[in-house]
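Working notes, beginning with the structure itself.
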There are 2 protein chains.
Amino acid sequence: MTDRSDLVDALVQTSFTTMAVLTRVAADNDLSLTQFRVLAILRDRRVRMTDLAAYLGLEKSTMTGLVDRAEKRRLLLRAPNEQDGRAVDVFLSPEGVELVDRVRPHVERALAPMLAGLSPAHQHQLRDLMARMLSRPAGGPASTG
Amino acid sequence: MTDRSDLVDALVQTSFTTMAVLTRVAADNDLSLTQFRVLAILRDRRVRMTDLAAYLGLEKSTMTGLVDRAEKRRLLLRAPNEQDGRAVDVFLSPEGVELVDRVRPHVERALAPMLAGLSPAHQHQLRDLMARMLSRPAGGPASTG
DNA sequence: TATTGTTATACTCTATAACTATA
DNA sequence: TATAGTTATAGAGTATAACAATA
């Protein structure tokens, strides 16, 4: 109908399509989308359970399960936090790093067909517009405005 | 690193952010994201189970469960397909239509902060770029290229 | 008292395999 | 034989509530 709802529709459609591609790539590597995301976040970070849960918009008990399963597969490790005796740090194992590095190019390749319809100039435009959006508060998981 | 991977990162980030917003809106209305999507798809369509599953990239047995739960909540209905004695059509109940119509504006409102950082001209550009992407094959659920 | 994380529990989502009914 | 859908089963993802340990 309105311009605004056309834009919303396009954004939602694009997001579902992108998620479907990511889900497939993750599944091809025996990972759920959430597991894949956890590993990707930990690629260059060591974070506490609570921070990870907050970033993902999940409950801490959910985080426990996700980390349990990934730990059982030797993809990540837990260690007590140095500063806070209650907290637990999570970080990738060498196998986890290897997996993330191996899968990353698959993501780019899988999304390439979608992006191929855009000229380099248009791709540049699109990146800028999305970056501008992401620099704004989004009413995401944490902010229940 | 590369321009291409910057673009991929922006697309992935944008999609996760959008999904988080949609998940929250759905949850506020006692729906999972998948249930919400099913209802939205059926807003102006009557489709067979198999077609719905294919569109969502899910197994037919998964579809059975989703439709079972939504049917139990009186949000949609099943009816035998006229042409094919094996097939089952699915469509929204009046309550389902009411729900979808009620939730839709919430989606626009929830995504508005994200879009507010863009001028009308930029919003127009973004819509066009995303529409162009969506008109391309995306290596989505069905096409395992 | 408040926070961090786990455990117990329950429900949804999802897939695979086996089945029934129809084509 | 092949297709449409359901059922049975199993596992992952998710939340809520109760709990132990630490702050």
Side-chain angles (χ1 to χ4, degrees), chain A residues 16 19-20 22-39 41 46-73 75-91 141-142 144, chain B residues 16 19-20 22-39 41 46-73 75-91 141-142 144:
Chain A
F16 273 121
M19 286 297 120
L22 293 179
T23 299
R24 178 166 59 73
V25 171
D28 287 347
N29 291 274
D30 284 306
L31 294 170
S32 72
L33 184 55
T34 305
Q35 288 283 0
F36 182 34
R37 200 179 173 200
V38 167
L39 299 182
I41 289 168
R46 174 190 180 113
V47 298
R48 305 182 328 156
M49 293 288 288
T50 296
D51 294 339
L52 197 48
Y55 185 77
L56 293 167
L58 299 171
E59 287 302 314
K60 50 191 183 168
S61 59
T62 300
M63 211 62 249
T64 297
L66 286 166
V67 169
D68 278 353
R69 289 185 288 276
E71 194 179 28
K72 201 169 300 178
R73 291 174 62 179
L75 297 175
L76 54 75
L77 300 165
R78 273 188 253 233
N81 182 281
E82 300 278 326
Q83 280 76 43
D84 188 333
R86 301 166 300 179
V88 172
D89 288 343
V90 189
F91 53 96
T144 308
Chain B
F16 273 121
M19 286 298 120
L22 293 180
T23 299
R24 179 167 57 75
V25 171
D28 286 347
N29 290 274
D30 284 306
L31 294 170
S32 71
L33 184 55
T34 306
Q35 288 283 0
F36 183 33
R37 199 178 174 201
V38 167
L39 299 182
I41 289 167
R46 176 189 178 114
V47 299
R48 305 182 329 157
M49 293 289 288
T50 296
D51 293 339
L52 198 47
Y55 184 78
L56 293 167
L58 299 171
E59 286 301 314
K60 50 191 183 167
S61 60
T62 300
M63 210 62 250
T64 298
L66 286 166
V67 169
D68 278 353
R69 288 185 289 274
E71 195 179 28
K72 200 169 300 179
R73 291 175 60 179
L75 297 174
L76 53 74
L77 301 164
R78 275 188 250 233
N81 182 279
E82 300 277 324
Q83 281 75 46
D84 188 333
R86 301 166 300 180
V88 171
D89 288 343
V90 188
F91 52 97
T144 308

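Hydrogens, waters and symmetry mates are skipped; everything else that's a heavy atom, side chains included, is used. The chains referred to below are lettered A, B, ... by the order of the sequence lines, with proteins before strands, and numbering in each begins at 1.
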On a plain distance test, is the side chain of A:Thr64 in donor-acceptor contact with the base of C:dT7 below 3.5 Å? no

Has the side chain of A:Thr50 got a donor or acceptor that lies under 3.5 Å from a partner of the other kind on the base of C:dT3? no

Rounded to the nearest Å, what distance is computed from the [atom1] atom of residue [X] to the [atom2] atom of nucleotide [N]?
{"X": "B:Asp68", "N": "D:dA8", "atom1": "CG", "atom2": "C1'", "result": "13 Å"}
{"X": "B:Gln83", "N": "C:dT22", "atom1": "CD", "atom2": "P", "result": "16 Å"}
{"X": "B:Asp51", "N": "D:dG5", "atom1": "CG", "atom2": "P", "result": "8 Å"}
{"X": "B:Arg73", "N": "C:dT12", "atom1": "CZ", "atom2": "C1'", "result": "11 Å"}
{"X": "A:Asn29", "N": "D:dA12", "atom1": "CG", "atom2": "P", "result": "17 Å"}
{"X": "B:Asp30", "N": "D:dT14", "atom1": "CG", "atom2": "P", "result": "18 Å"}
{"X": "A:Asn81", "N": "C:dT6", "atom1": "CG", "atom2": "P", "result": "13 Å"}
{"X": "B:Leu66", "N": "C:dC13", "atom1": "CG", "atom2": "C1'", "result": "7 Å"}

Residue pair A:Phe16 / B:Leu22, side-chain heavy-atom distance below 4.5 Å: yes

Can you tell if the side chain of A:Val38 reaches within under 4.5 Å of the side chain of A:Leu76, non-hydrogen atoms only? yes

5' priority, DNA chain D, between B:Gly65 and A:Arg86 [closest heavy atom]: B:Gly65

With nearest nucleotide decided by heavy atoms, which residue, A:Lys60 or A:Ser32, maps closer to the 5′ end of DNA chain D? A:Ser32

Under 4.0 angstrom between [X] side-chain N/O and [N] OP1 or OP2:
{"X": "B:Arg48", "N": "D:dG5", "answer": "no"}
{"X": "A:Thr34", "N": "D:dT14", "answer": "yes"}
{"X": "A:Gln35", "N": "D:dG13", "answer": "yes"}

Options [options], nucleotide nearest the side-chain atoms of [X]:
{"X": "A:Asp84", "options": "C:dT7, D:dT14, C:dT4", "answer": "C:dT4"}
{"X": "B:Val88", "options": "C:dT14, C:dA15, D:dG5", "answer": "D:dG5"}
{"X": "B:Ser61", "options": "D:dT7, D:dG13, D:dA15", "answer": "D:dT7"}
{"X": "A:Met49", "options": "D:dA15, C:dT7, C:dG5", "answer": "C:dG5"}
{"X": "A:Ala87", "options": "C:dT14, C:dT4, D:dT14", "answer": "C:dT4"}

Atom [atom1] in [X], atom [atom2] in [Y]: separation rounded to 0.5 Å?
{"X": "A:Thr50", "Y": "A:Met63", "atom1": "OG1", "atom2": "CE", "result": "10.0 Å"}
{"X": "B:Leu31", "Y": "B:Arg73", "atom1": "CG", "atom2": "CZ", "result": "5.0 Å"}
{"X": "A:Asp84", "Y": "A:Asp89", "atom1": "CG", "atom2": "CG", "result": "9.5 Å"}

